[in-house]
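The structure under discussion appears below in the form of structure tokens.
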Amino acid sequence: MRIAVLSDIHSNLVALDAVLAHLGPADAIWHLGDVVGYGPDPNGVVGRLAELGAVGVRGNHDAAAIGGSEIEWFNPEARAAVEWTRTRISTATRSWLTELPERLHEADYTLVHGSPREPLWEYITSSPVARANLLFITTRFGLHGHTHLPIVWAEDDGRITSIAPGDGSTFALDGRALLNPGSVGQPRDGIPDASYMVIDSDADLVSWHRVPYDIEAVQAQMRKVGLPSRLVERLSYGF
């Protein structure tokens, strides 16, 4: 099977459509949450994922968008974007987001947004945190987003090694690991191109891909609806 793994789309339909065009045929699409928030088109993104039959999990921005108390922990720009999103999402979008679980198991994979042990909030940014989360899961692999950074945390004879994949990088699925596809809608690794991952279960291989998209068009939409200027400008720099 060829499975696309997407995370942190953040209401950026232009980036999502660019990724889908680049992806081509796939047997399944998995998403790792934060489908909405920050960007200008929450209904468009949810509608596209629903149309494609994508399955996945809830992120902290998704939870906040449907009225969750998570908004109380957001910085001013993120809070403003979620408050705007709350006023714009349709009944269908709200229902779709509400039905998302915090954890999902698919074959050898545990899907979460933040981390397996704390799916909405924990950032996996160090070897000790990665080790603790690998101990937490019962599957061979964990898929997570939240950091907006493509990365692998691989277990090798009790040691944890981190790998920062680039466009076209591959990783053999021959051990245990936590895998992050990076962000579709708001990358933060200094590269503004959308990031996503593909699992080839027949070859036991995962690959990462970067896709340019019309950032200026998204920025124009964000300005038109009055989203914070810092959120608009950061798309140009990938931070």
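Remember, it's a predicted structure, so these values are computed and weren't measured experimentally. Throughout, numbering of the chain's residues begins at 1 and tracks the sequence.
By the 4.5 Å heavy-atom criterion applied to side chains, Pro192 and Ile215 are counted as neighbours. Residues Asn12 and Val45 are not in side-chain contact: their nearest non-hydrogen atoms beyond the backbone lie 4.5 Å or more apart. A 4.5 Å side-chain heavy-atom check between Met197 and Pro165 finds every atom pair outside the cut-off. Counting only heavy atoms from C-beta outward, the side chains of Pro40 and Met222 approach each other to under 4.5 Å. Between Asp189 and His148, the closest side-chain pair of non-hydrogen atoms is not below 4.5 Å. In this structure the side chain of Asp204 never reaches within 4.5 angstrom of the side chain of Asp174, judged on heavy atoms. Contact annotation: the side chain of Leu235 approaches that of Tyr213 to within less than 4.5 Å [non-hydrogen atoms, C-beta and beyond]. Within the 4.5 Å cutoff, no side-chain heavy atoms of Glu122 are placed close to those of His146.
Note on Trp208: it clusters hydrophobically with Val5, by side-chain heavy-atom contacts below 4.5 Å among ILVMFWY residues. Taking hydrophobic clusters as Ile, Leu, Val, Met, Phe, Trp and Tyr residues chained together by side-chain heavy-atom distances below 4.5 Å, Phe141 does not share a cluster with Ile137. When the side chains of ILVMFWY residues are joined at heavy-atom separations under 4.5 Å, either directly or via intervening members, Ile160 and Leu178 end up in a single hydrophobic cluster. At a threshold of 4.5 Å between side-chain heavy atoms, the hydrophobic network of Ile, Leu, Val, Met, Phe, Trp and Tyr places Val36 and Leu20 in one connected group. At a threshold of 4.5 Å between side-chain heavy atoms, the hydrophobic network of Ile, Leu, Val, Met, Phe, Trp and Tyr places Trp30 and Val152 in one connected group.
Enclosure of atom CD in Glu233 by more than 12 non-hydrogen atoms of other residues, nucleotides or ligands within 6.0 angstrom is indicated. At most 12 heavy atoms of other shown residues, nucleotides or ligands fall within 6.0 angstrom of atom OH in Tyr237. More than 12 heavy atoms of other residues, nucleotides or ligands sit less than 6.0 Å from atom CH2 of Trp121.
Arg58 and Glu99 are not joined by a salt bridge, as no carboxylate oxygen comes within less than 4.0 angstrom of a charged side-chain nitrogen. In this structure, Glu83 does not pair ionically with Arg86, as no charged nitrogen and carboxylate oxygen lie closer than 4.0 Å. Ion pair Asp41/Arg48 not flagged as a salt bridge, since none of the NZ, NE, NH1 or NH2 atoms sits closer than 4.0 Å to an Asp/Glu carboxylate oxygen.
One distance of note links OH of Tyr123 with CG of Asn180; it measures 11.5 Å at 0.5 Å rounding. Here the OG atom belonging to Ser11 is positioned 11.0 Å from the CG atom belonging to Leu231, to the nearest 0.5 angstrom. Atom-to-atom distance recorded for Phe239:CZ and Ile191:CD1 is 9.0 Å, nearest 0.5 angstrom. In this structure, CH2 in Trp96 is found 11.5 Å from CD1 in Ile89, a value given to the nearest 0.5 Å. Taking CD1 from Ile29 and CG from Leu16, the interatomic distance works out to 8.0 Å, rounded to the nearest 0.5 Å. Once rounded to the nearest 0.5 Å, the distance linking NE2 of His113 with OG of Ser7 reads 6.0 Å.
Between His61 and Tyr38, the angle of the ring planes lies from 30° to 60°, which puts this pair in the tilted group. The aromatic rings of His209 and His22 sit tilted relative to each other, their planes meeting at an angle between 30° and 60°.
Minimum heavy-atom separation, His31 to Val35: ND1-CG2, 3.6 Å. Contact between Val82 and Phe74 at its shortest, heavy atoms only, is CG2-CE2, 3.5 Å. Between Gly56 and Pro101, the closest heavy-atom pair is O-CD, 3.3 Å. Between Ala64 and Glu70 the shortest heavy-atom distance is N-OE1, 3.9 Å. Scanning all heavy atoms of the two residues, the minimum distance from Ser162 to Trp153 falls at CB-CZ3, 3.5 Å. Nearest heavy-atom pair across Gly145 and Leu32 is N-CD1, 4.1 Å.
Arg230 contributes no side-chain N or O that, together with a main-chain N or O of Glu77, makes up a donor-acceptor pair within less than 3.5 Å. Judged purely by atom type and a 3.5 angstrom limit, Ser183 uses its side chain to pair as donor or acceptor with the backbone of Asp8. Remark: side-chain polar atoms of Arg103 are not paired, donor with acceptor, to backbone N or O of Thr110 under 3.5 angstrom. A distance-only check finds no donor-acceptor pair linking the side chain of Thr85 to the backbone of Ala65 [under 3.5 Å]. Side chain of Ser195 to main chain of Pro181: a donor-acceptor pair is present (N/O by atom type, distance under 3.5 Å, no hydrogens or angles). For Ser95 (side chain) and Ala92 (main-chain N/O), no donor-acceptor pair under 3.5 Å exists by modelled atom type.
Just one of Ile199, Asp200, Val198 meets the side chain to side chain contact (heavy atoms under 4.5 Å, CB included) condition when paired with Arg2; it is Val198. For the side chain to side chain contact (heavy atoms under 4.5 Å, CB included) with Tyr109, the lone residue among Leu104, Ile3, Leu173 that qualifies is Leu173.
Defined by atom type and a distance below 3.5 Å, a donor-acceptor pair is missing between the side-chain atoms of Asp34 and Gln186.
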Checklist entry - What's the verdict on side chain to side chain contact (heavy atoms under 4.5 Å, CB included) for Val112 and Glu102, showing C-alpha distance, side-chain angles and the deciding distance? => result CA-CA 6 Å; Val112 295; Glu102 291 187 0; over 6 Å; no

Checklist entry - Should Arg79 and Glu72 be marked as a side chain to side chain contact (heavy atoms under 4.5 Å, CB included) after you check the CA-CA gap, both sets of side-chain angles, and the distance that decides it? => result CA-CA 8 Å; Arg79 180 174 184 133; Glu72 302 301 330; 3.3 Å; yes

Checklist entry - Could you go step by step and tell me if Asp167 and Asp193 meet the side chain to side chain contact (heavy atoms under 4.5 Å, CB included) rule? => result CA-CA 10 Å; Asp167 185 23; Asp193 295 343; over 6 Å; no

Next on the checklist: Thr93 vs Arg88, test: side chain to side chain contact (heavy atoms under 4.5 Å, CB included). Steps then yes/no.
Outcome noted: CA-CA 10 Å; Thr93 293; Arg88 296 303 195 279; over 6 Å; no

